[in-house]
Amino acid sequence: MRILQLHCDKIEYTPTEKEIKSAEETDLATKKFDEIVVAFVAVEEGDDSSVAKKAIQEILESMNKVGCKKLLLYPYAHLSSKLASPNSALNVLKEMQSLAQGLDVSRAPFGWTKSFMIQVKGHPLAETSKIITAKDEDETSEAVKAESKIKSFWHIMTPDGIMHDFKDFDFSKHKQLEALSKYESDKKRSVDESSPHVKLMKKMAIADYEPASDSGNLRFYPNGRLIKSLIENYVSEKIREYGGIEVETPIMYDSHHPSMESYFNRFPARHYSINAEGKHLFLRFSACFGQFLMANDFQMSYRNMPVRLYEITRYSFRREQSGELVGLRRLRAFTMPDCHAFCKDMDQAIEEFRKRFELSRQVILGLGLEESDVEMAIRFTEDFYKQNKSLIQELVKKIGKPVLVEMWKEKFFYFILKWEFNFIDNLGKASALSTDQIDVENGKRYNIEYTDENNIPQNPIILHNSPSGAVERIIYALLEKAAADIKKGKKPEFPLWLAPTQVRIISVKPEFFNYCEGLADKISSSDIRVDIDERNESVAKRIRDSEIEWIRYTLVVGEKEINSEKLNVRDRKTGEVREHVFDEFIGEVKNETKNKPFLPLNMTRRLSLRPQIMV
RNA sequence: GCUUCGAUAGCUCAGCCUGGUAGAGCGUUACCUUGGUAAGGUAAAGGUCGCGGGUUCAAUUCCCGCUCGAAGCUCCA
């Protein structure tokens, strides 16, 4: 809504002719007013009661200031180019009129061409203009709002199964756990240091911010896409081995769909919303909805349970607070494997829960993280703990080091048990990777049913597992580990199976290029990513570049190699230069990458033909 | 989201305090060099100093707003 507001000595207007069919009925007499505030109003698309209310409020405030009690609302279309329809505009104007109680309010007829004469006072507040828009609805979910009211009790559980009071626990040998617990966290960190992985994600041409999108929606360069694909493939493979069945579900949902509204209010995340064709859609924050709605349509018997549905969600969206976003650690759009197991009862759920705990551990280690890189937190309701103490002790024992425990007096979310593995980075920041939850609510909420042994329909217990956590976050963790190595004076590296280039060939002279091409063909036929640096640079310079790109193996090809048919292999990891016969070398690379997925080089093979993406 | 800080060439940064429209290194391009395990040489191109407004004769420089980013708070995959 746009308003031009004038404090007048006098105004008079005369309706001359109807401008639109739906013009209000009115008499054609001239109306005169003295000592009055005139508000010329253009009602715009989307203006509603809240706008009417706000507008009147603002008008009242300014009228108080100038000490005037008479108001004339004057429909004036020319203030805006995106007008509301005449019907809704008239309604809004009428609403404004009725809202302006305690004033002497008049309203000029709507839909008429009018002639008018006006005399405006000369004081500074006599002429003002206002633009009023509907304020953003507060769509924060109830769960987000309620989160701050949760009562939790914090403990540390040691591998012997003993719960220690949080305050009394000696963290001196468990600095990472301390960081996770935020207990006396070191507040004097070097302030100027920014998250090291952000620099590396750019330098290694993995990902970058995209200012033209929303914050937290990143672009992934060829290296980043390749690494993401490899991680996605690896996790998917592991989940398939465990018994997960891959599905695909939509990324947006109608927030007024009956099963959505309540779930929405039980999930503690802010969401993106999209209005299209009168529907109010929101972007998923996980695969939960999609898989629940799908399971709802399945016919299931107790014999089928557990049913395990899996999706790699590209993307899941969470509209995190802008100040929380950092590089690949915290995003608004991220890729997350999400695997739900629908179980017939608590016994089965717990059995399944154990399997997924092992799966998650295996996946984290397979991705190149170590047990010492992650700290576990486990959260549960007091009731669940009383009934399942031994399960929790068993999990902590497997981890073999103290674990952070949060106990809720009563069930707060839809789950009664949840654990995560948290990665602690160079700045002492903790981020959750793998997680699993026991959900006792959504089976009912989504009316997911299976038929039990007695032919009675039952709602399953649902487990929500992400064995790796967000894929981007895995890359973040690997980069942070690399940054830690740099700090320690060690060479940073990727696990070989994730390296964008695994082998680089450098030809000493241009004449050898054809030979190099043949060699590269041979190597890549064994599923190894190999490229060729044939740029017009010195060998030393090209070796240096290979080092800077963290390339594990560099093969220098000159007369000697061509004549001897032996490979000259520079191994960046050990720093030595070795001679290998071809098969021996291939064997070494394949051995280092065994049981891991492979994808071909995601770049032009010849360096001289490549665009340069980062320094 | 809030508080504090920042944005200058593709990248990393200097200049700004004390206003008079810019510099380096790397990278890019061209030429020379035909190389043996972490930087061969010469030259050139490349900037509406994040965007918008204000102050001023004059703004990259001072002030305000916005956008994007960083740290902290809070939170999570």
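Every chain is numbered from 1 and lettered A, B, ... according to where its sequence line falls, protein lines coming before strand lines. All values below come from the heavy atoms of this structure, side chains included, with hydrogens, waters and symmetry mates left out. Bear in mind the structure is a predicted one, so any value in this text is a computation, not a measurement.
Residues from residues 549-574 of chain A with heavy atoms under 4.0 angstrom of RNA chain B, sorted by number: A/Val556, A/Gly558, A/Glu559, A/Lys560, A/Glu561, A/Asn568, A/Arg570. Against RNA chain B, the stretch residues 504-517 of chain A makes heavy-atom approaches under 4.0 Å through A/Val508, A/Lys509, A/Pro510. Of the residues in residues 465-478 of chain A, A/Gly469, A/Ala470, A/Arg473 come within less than 4.0 Å of RNA chain B through at least one heavy atom, sorted by number.
Taking a pair as Watson-Crick or G-U with both hydrogen-bonding distances under 3.5 Å, the stems of three or more pairs touching RNA chain B are B:1-7 with B:67-73, B:10-13 with B:23-26, B:28-32 with B:40-44, B:50-54 with B:62-66.
Under the side-chain contact (heavy atoms from CB on, under 4.5 Å) test applied with A/Ile312, the options A/Val235, A/Val471, A/Asn233, A/Asp338 reduce to a single match, A/Val471. Here the rule is salt bridge (Lys or Arg N to Asp or Glu O under 4.0 Å) with A/Glu324, and of A/Arg318, A/Arg319, A/Arg330 only A/Arg330 fits it.
Stacking between A/Tyr209 and B/G69 is absent: the ring centroid is not both under 5.5 Å from the six-membered base ring centre and under 30° in plane angle.
Residues forming a side-chain hydrogen bond (donor to acceptor under 3.5 Å, both in side chains) with A/Glu576 (at least two apart in sequence, or on another chain): A/Thr574, A/Arg578. A/Glu537 is linked by a salt bridge (Lys or Arg N to Asp or Glu O under 4.0 Å) to nothing, counting only residues two or more places apart in sequence or in another chain.
Comparing B/A70, B/A77, B/G27 by their nearest atom to the side chain of A/Met336 picks out B/A77. Side chain of A/Phe334, nearest nucleotide from B/G35, B/G40, B/A77: B/A77.
Comparing A/Ala430 and A/Asp214 by the nucleotide of RNA chain B whose heavy atom lies nearest to each, the residue mapping closer to the 5' end is A/Asp214.
For B/U33, its base sits under 3.5 Å from the side chain of A/Asn536 at one donor and acceptor pair at least.
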